[in-house]
Structures are given as C-alpha cells and as structure tokens.
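Below is one structure, written out as structure tokens; the observations come after it.
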Amino acid sequence: MKEMNQQEKDWYRLDNSAKIYPAIVNDRQTTLFRVAFTLKEEINPDVLQAALEKINPRFPYFNVSLRNGFFWNYLERNYDLPSVHCDTPSPCENINKIYNNGFLYKILYFKNRIAVEFSHVMSDGYGALEYAKTLVLEYLRLSGHNIENDGSIFDIEAEPDPGEFLDDHIRYTRIYGKPTEEEKERNLFGNIKAFLVKGRVLPADIFNVITGIVPYDKIRSVSKSYDATITEFLVAIYLESLIEVQRRQVKNPAKYKSVAVQVPVNMRTRLESSSMRNFSLFVTPTLNPPKFPDFDELVPFTRDFIREYTKTNRLVNIMRDNVSVGESPLVRHVPLFLKLPITRYIVNTSGSSQHSGTLSNLGPVKIPPGMVEHVDEITCNLSPDPHAKTSAAVLGYNGNIYITFGRVIKDPIIERLVFKRLIKFGIPVRIQSNC
Amino acid sequence: MSYCVECGVELADYHEKCPLCSTAVNNPNRPLDFSKNDYPIFKKHHAITNRRRVVRRLVGFILSMSFMMMALIPMLIDLMVESRLSWSLYPLFACLLLWTSIAIPFFKKRNTFFGDFSLAWIGTAVFIVIIDLLSSTGFTWSRFVISSMLLVWVLMAGIFIPEKIRKFVPVLLAYIVASVGYFLLIASWIAERSAILSLVLPLEGVVVLVFLVSFFLVRSKMHGVLNFILLLLADALAISLLFDLIISHYVMGRSMLTWSLIVTLALVPMIITAIIIKKRLRVRGLISKKLHR
C-alpha cells in the first residue's frame with residue numbers, strides 16, 4: 001500500500017547512489033548518460049514530440065525536477081511537458097533548466113537519430129535504455145509501422161510497477177542485514193592513487209566522442225581464445241592502453257601510479273529488481289606499480305578480478321558500505337548547504353583519484369524483431385569525466401559491438417591505442433565521431 | 001570506404017582526417033561528403049555561443065547605461081545648484097567603481113575569477129585614492145589601504161595564476177618579498193627610522209629565517225604530523241628567544257632574556273614529550289589508534 005502511494009506522491013527521495021550527483025554536476029561533469037537509436041528513416045520532430053507525450057505517463061518517476069531540501073535534494077513531480085530538441089555537436093552537454101523545462105532528461109534528434117540523455121540523479125544506463133526503447137517503439141508506431149511488442153519493451157498502457165519506484169540499494173541492504181565480522185574487513189575507500197591521463201583539456205562545453213563499431217563474432221572469438229567475456233577483454237585492453245600512456249607521460253618509473261578501470265555492474269542481473277532508479281555498483285580492476293603485466297597476463301588477471309569481485313556477496317558488501325555512508329546519522333543531519341561543498345571536495349580530491357577510466361557495458365540490446373528492421377544502430381556514451389579524462393560505454397546490437405569513447409582532452413590517446421589493439425587482433429573497426 | 005593508413009580503422013565519408021591520429025584522408029575514389037556526418041557540425045554550436053555572447057554584451061550595455069544615469073543625474077543637480085562639480089564627484093566615482101567591477105566582466109570574452117577580481121580590486125583602489133584626495137589635502141589614509149590591497153592581490157595571484165606559469169619558488173619568493181615589503185612600508189609611515197633599523201628589520205628577518213628553515217626541513221625530511229608539531233614548537237621557542245633579545249636590546253640597550261624564559265619553561269617539556277613520543281613506537285601506536293581520523 002505504501003509503495004502504491006509512490007505513484008501519487010508529489011516528490012521522491014533521491015536514491016542512495018544519486019545523492020552524490022547534485023553536488024558534482026557542472027558544465028565539465030554533467031553526469032549524463034546517453035543512448036542513441038539510429039533509424040533507417042529521417043526523424044520527424046512532431047511525431048517524436050507526440051510519442052514523447054504518449055509514453056510520459058508510463059514513467060512518472062522520470063517526470064521530475066531536482067529541488068533543494070534542508071538536508072537533502074529531492075525530486076519533485078514536474079507537471080510541464082518535456083519537449084524534443086535538435087541534437088548538439090557535443091553529446092551530454094549540461095542540462096539547461098530553463099531550456100529543458102526543469103526536466104532531468106533530454107530528447108534529441110538529428111537526421112535519422114533519436115538520442116535520450118538521462119541525468120544519473122534519476123536513473124542509470126538501464127533506465128535510460130529502457131526509456132529510449134519505449135520512446136523509439138512508440139515513434140515507429142506513430143510513424144505508421146505496425147510493430148508488435150514481444151515483451152522486451154515497457155507496455156505504455158500498463159500501470160507502472162510499484163517496484164520501479166524503489167531504491168533497491170536500501171531495500172536489499174535491509175534484506176541482507178548487517179555484515180559478518182569476516183565481511184567487515186573490506187575497505188571500500190582504498191588508498192589507491194590511480195594514474196590520471198594528462199592532456200590539453202578542451203573548453204567546458206566541448207566533449208569529443210569516437211564510436212568504434214566492431215563485428216560481434218570477431219571480437220567474441222578473440223575474447224573466447226583468452227577464456228574471457230567481451231567486457232573482460234575490453235577492460236584488459238583499456239588497462240593495457242592506460243599502462244602505455246603512463247609509460248609515455250611519466251618518465252620516472254619510480255613515480256608510476258596504479259592503473260584502474262571502473263566497471264559498472266547492473267545489480268538487476270544479480271538481485272531481483274524492477275527498479276528504474278540507480279541500481280548499479282562498480283568493480284575496479286586495479287594494477288599496482290612497479291611491474292605491470294603484459295597483455296597475455298593482463299586478460300587472465302582482469303577476468304579473475306571481475307569474476308571474483310562481481311560475486312553477489314562481495315557486491316552486497318559494497319552496497320552496504322555505500323548505504324551506510326548515506327544513512328549515517330551524522331551525514332543525514334548535516335544541512336545541505338554544508339553537505340554539498342563537502343561532498344564536492346571529497347569527490348574531487350580522493351574520489352577522483354580512485355580510477356583512471358570507466359568502461360560501462362550495457363550488454364546486448366533486445367528489441368522486438370519488427371523494430372530491428374527499422375533500427376540501424378544503437379550507441380551509448382557516458383558524460384565527460386574531468387579527472388580520468390576518458391570514459392567508454394559499450395553495447396551490442398544486431399551483430400555489432402558499439403564502443404563509444406568520450407574524452408575531454410584534445411588528443412585521443414587512449415582511443416587510438418585501444419582501437420589499434422583491436423585491429424592488431426584482426427578485428428575490423430569502423431569509426432564515427434564528432435571531431 | 002576509406003581507411004586510415006596509420007591506424008587501419010575504417011573511416012566515415014565525412015572524415016577529412018582520421019579522428020584517432022589526425023592523418024589526412026586522401027581517397028580520390030571517395031570524395032568527402034559532409035551531409036553524412038553523424039553529429040551536427042560545430043559551427044551551429046558556435047552560433048549558440050555567439051548568441052550567449054550577444055546576450056552578455058546586452059546585459060553589460062544595460063548595466064553601463066544604468067550606472068551612467070546614476071552618475072549623470074547627481075552631476076546635473078550639482079551643476080544646477082552649485083554651478084560646479086562638488087559632492088556629485090562621490091557618486092560619480094562610486095558609479096565608476098561599480099562599472100569596472102560589475103559591468104566590464106560582461107564585455108569580456110572569457111571570464112576568470114582572478115581576472116574579474118583584479119579588475120574589481122583596481123577599481124576599488126582607484127576609488128579609495130580619489131576619495132582620499134577629494135576629502136583631504138593629499139594622499140593620507142588611503143596609502144595604508146592601498147598597500148594592504150596590494151599585499152592581498154599578491155597572495156591571491158600566487159593561488160590563482162594559471163598552473164603553466166605558476167612555479168613554486170618564485171611564488172614563495174614573491175610572498176616573502178611582498179610581506180616583508182608591506183610591513184617595512186607600514187613601519188616607515190608610522191615609526192622612526194632608527195626603530196625600523198634596530199627593531200622592525202631584525203624582527204622581520206627572524207620570522208623569515210625561521211619560516212624558511214622550517215619550510216625546507218618539512219619539504220626535505222621532516223614528514224609526518226608529529227614532526228610538524230615538533231617543528232612548530234621549536235619555531236615558537238626560537239622566535240620568542242630571538243624576539244626577546246632584539247626587543248630588550250632596543251628598549252634597554254643590551255640583549256638579555258626576560259619574558260622568553262617563561263615561554264621556554266612552557267615549551268621545553270612539550271618538545272621533550274614530543275621527542276619521546278617520536279622515539280617510542282608503542283606510545284605512537286597507542287596515540288594513532290585512539291586518536292585516528
């Protein structure tokens with residue numbers, strides 16, 4: 001009963017992961033997540049607007065604006081109508097509150113492409129992808145295509161599931177209870193000082209992206225030869241590239257730092273959840289100096305690390321640690337005007353040095369067969385990271401893997417090394433970019 | 001389709017050069033086709049930036065007009081009543097100050113905190129000098145304010161100048177020169193020449209010397225909180241002893257220790273305790289366990 005009331009509520013608490021984002025959002029760190037569908041026909045903005053208005057009531061938890069409370073930010077229901085806009089040269093530009101009617105997501109179109117940019121304050125990549133799939137299906141239907149929904153996309157006629165409103169970080173922390181003595185030994189905020197790529201930084205509103213399109217079967221066969229998944233294989237290549245960049249940028253080997261890639265894990269695949277809020281955690285394969293392994297050792301290391309650290313009990317521990325920070329009485333009772341600058345300071349100092357890059361894999365995107373005929377490509381990318389400078393997002397669709405790198409520096413040094421490595425393995429790479 | 005000869009990646013038809021390595025694409029069989037680009041071109045983006053710039057200039061213009069009106073009206077009233085400019089000069093220069101610190105940043109292409117701060121600071125300094133000149137016969141109280149503002153500006157410059165040109169040693173030297181110069185200047189305005197030579201200069205010398213020695217000790221080998229505390233106590237002891245000697249020499253004509261002995265009595269046991277803690281690993285462990293942050 002309590003959960004049903006969520007749908008009529010005028011406001012929602014931020015979920016546990018989202019609490020940090022209002023403190024750090026700015027033009028350089030927009031914390032947006034983008035999913036783009038390229039169709040086989042040119043986009044009609046009027047039809048797209050109609051589709052948007054039609055699917056909107058199905059996602060009441062996304063029709064919100066960010067507001068300031070005394071202790072925390074919160075999400076208030078926004079009864080305005082969102083509108084579609086023409087895409088910008090730089091993806092994931094910061095959301096302009098006035099231009100966007102206060103909504104925390106943007107619907108953009110350009111030629112054949114529909115892009116959805118979601119703030120992490122509302123949801124993670126899963127939420128953005130599900131919303132984008134629903135929007136594109138409705139757009140195609142309104143454009144005159146009769147497409148059957150096979151259940152892989154939300155039914156816009158149905159009522160939202162009460163579970164979609166829930167913050168499952170807190171729910172599962174309560175279900176799993178307090179950690180045992182053995183589990184307590186973990187140290188979430190390790191003393192890692194990860195290597196951060198150096199380079200000439202682009203102006204605040206410019207974000208360069210390069211998408212590499214590679215055939216799924218080729219990359220799968222190479223990663224299989226290492227007994228690794230595609231994610232593990234790509235993380236190993238990313239780590240190898242970071243080691244190489246550090247070798248080039250830091251002349252003195254005594255000054256080498258750890259190299260770490262943050263890999264988000266969708267918790268919905270491990271714990272039963274229908275939450276549309278943030279419900280993902282990170283594992284960070286880390287290599288420490290002075291000796292870095294070569295690629296043949298790197299893939300088994302990455303594979304074993306990711307498999308070990310994505311075990312449910314380990315992830316639940318991370319979740320407990322994360323929730324304990326947000327739920328601690330001290331943190332809860334500090335006023336927001338103090339909490340925001342303190343959080344910003346912590347994130348920009350110790351938090352920023354925890355990883356050298358991020359690689360997020362959304363996995364294979366499933367859409368109804370009738371829709372596949374009309375959708376050419378699907379890509380996703382993360383917002384700029386001013387500290388690590390480069391981040392990557394990966395997804396699979398229709399026999400291809402789309403690896404999108406975003407960067408805030410002029411030189412695509414990581415991308416060059418990663419794609420060259422793939423070509424060295426005999427995997428062809430097709431490039432798209434905005435630069 | 002075109003391939004990059006350097007990286008081996010397949011390029012799109014709109015790529016003039018490889019986005020990975022900037023190698024120029026030269027394929028006569030495949031002319032460039034910008035209509036196939038995957039993202040809007042940046043020109044459009046620049047148009048938005050230009051629009052923002054125009055709006056900013058408009059705001060700057062409106063503010064300038066407002067300040068001009070605020071200055072002109074008192075001047076006209078002054079001219080009508082007094083037939084000359086007298087009291088209206090105060091609002092005139094106040095408006096000038098507001099214009100430099102609020103309106104000018106709107107006309108600049110790129111705003112930085114330090115740039116805007118410097119502009120406001122210069123405006124305020126000019127305003128203070130003019131007010132001093134108008135209200136008294138010469139350059140009197142304003143010199144104290146101006147020299148203090150200059151010191152603050154140097155301290156701020158050390159923090160906010162771009163990283164590329166910010167070097168540690170020049171900034172440190174600038175801080176020392178600015179602080180010593182500031183105190184000497186103030187002393188020269190309020191004290192006699194003999195007092196400056198025999199009191200102010202030696203006291204400043206002691207402070208700079210102790211600061212530099214401590215600073216290089218911390219940078220070179222004295223790491224850790226305990227070492228830092230030890231160094232602070234030693235600095236306090238050295239400064240109090242040397243100050244006492246210099247002051248007594250100036251006041252009584254001969255150097256002797258007076259009040260500094262009490263300070264020494266208080267500090268020496270603390271220094272001994274710190275050294276014992278530093279040497280005794282068990283005590284150190286206990287303290288770090290009980291008082292960890």
Side-chain angles (χ1 to χ4, degrees), chain A residues 36 38 85-91 93 96 99 108-113 115 198 200-215 376-377 379 381 403-405 407 410-435, chain B residues 1-25 27 30 32-53 55-56 59 108-113 115 159 162-166 223-224 288 292-293:
Chain A
T38 308
H85 300 284
C86 187
D87 206 352
T88 50
S90 289
E93 272 185 17
N96 181 324
Y99 188 62
L108 306 161
Y109 64 91
F110 178 68
K111 290 184 180 172
N112 295 6
R113 189 177 60 215
K198 292 170 196 158
R200 195 174 146 196
V201 178
L202 296 165
D205 48 357
I206 308 277
F207 180 49
N208 284 350
V209 292
I210 296 180
T211 304
I213 305 162
V214 297
D376 218 7
E377 291 173 352
T379 56
N381 61 272
I403 308 164
T404 306
F405 277 93
R407 68 177 194 276
K410 204 161 181 270
D411 187 17
I413 188 162
I414 298 285
E415 294 91 313
R416 193 160 56 231
L417 289 168
V418 169
F419 290 133
K420 268 188 171 181
R421 190 60 156 138
L422 290 173
I423 285 172
K424 221 173 166 182
F425 278 119
I427 304 166
V429 180
R430 188 153 54 91
I431 294 288
Q432 293 177 349
S433 78
N434 71 335
C435 51
Chain B
M1 63 190 77
S2 304
Y3 288 89
C4 173
V5 289
E6 192 65 35
C7 311
V9 294
E10 187 187 328
L11 301 167
D13 291 338
Y14 55 86
H15 281 136
E16 278 179 288
K17 55 182 183 178
C18 173
L20 296 173
C21 64
S22 300
T23 304
V25 179
N27 185 353
R30 198 81 177 178
L32 285 172
D33 186 357
F34 291 110
S35 65
K36 289 184 179 172
N37 55 334
D38 287 303
Y39 291 88
I41 46 173
F42 272 90
K43 272 179 193 167
K44 210 173 200 176
H45 184 70
H46 287 150
I48 295 166
T49 318
N50 283 340
R51 208 158 54 230
R52 280 184 201 150
R53 203 169 288 154
V55 172
R56 284 177 61 81
V59 172
K108 283 167 67 180
K109 263 189 183 175
R110 194 165 161 240
N111 291 74
T112 56
F113 169 76
I159 301 166
E163 269 182 45
K164 272 185 190 170
I165 52 168
R166 191 171 59 205
H223 303 294
S288 60
H292 75 278
R293 288 169 289 166

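Because only heavy atoms are used, hydrogens play no part in the values below, and waters and symmetry mates are left out as well, while side chains stay in. Below, read A as the first sequence line, B as the second, and so on, with proteins coming before strands; counting in each chain starts at 1.
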Give, for atom CG of Asn37(B) and atom CD of Gln432(A), the distance between the pair rounded to the nearest 0.5 Å.
11.0 Å
Once ring pair (Phe, Tyr, Trp, His ring centres under 6.0 Å) is applied, do any residues pair with Phe405(A), and if so which ones, sequence neighbours excluded?
Tyr238(A), Phe419(A)
Is the shortest side-chain heavy-atom distance between Ile213(A) and Glu10(B) below 4.5 Å?
no
side-chain contact (heavy atoms from CB on, under 4.5 Å) partner of Tyr39(B), the single match among Cys435(A), Pro91(A), Ser433(A)
Pro91(A)
Between chain A and each of Cys18(B), Ser22(B), Ala12(B), Pro19(B), count heavy-atom pairs under 4.5 Å; write down the option with the most.
Pro19(B)
Which atoms of Arg430(A) come close to chain B, meaning under 4.5 Å heavy atom to heavy atom: side chain ones, backbone ones, both, or neither?
both
Quick one: CG on Asp411(A) to SG on Cys21(B), what's the gap to the nearest 0.5 Å?
10.0 Å
What distance do Asp38(B) atom CG and Ile431(A) atom CD1 have between them, rounded to the nearest 0.5 Å?
11.0 Å
Within 6.0 angstrom of Lys108(B) NZ, more than 12 heavy atoms from elsewhere
yes
Tabulate below the donor-acceptor pairs under 3.5 Å that side-chain atoms of residues 1-8 of chain B make, not counting sequence neighbours, or state none.
from, atom 1, to, atom 2, distance (Å)
Ser2(B), OG, Asn27(B), ND2, 3.1

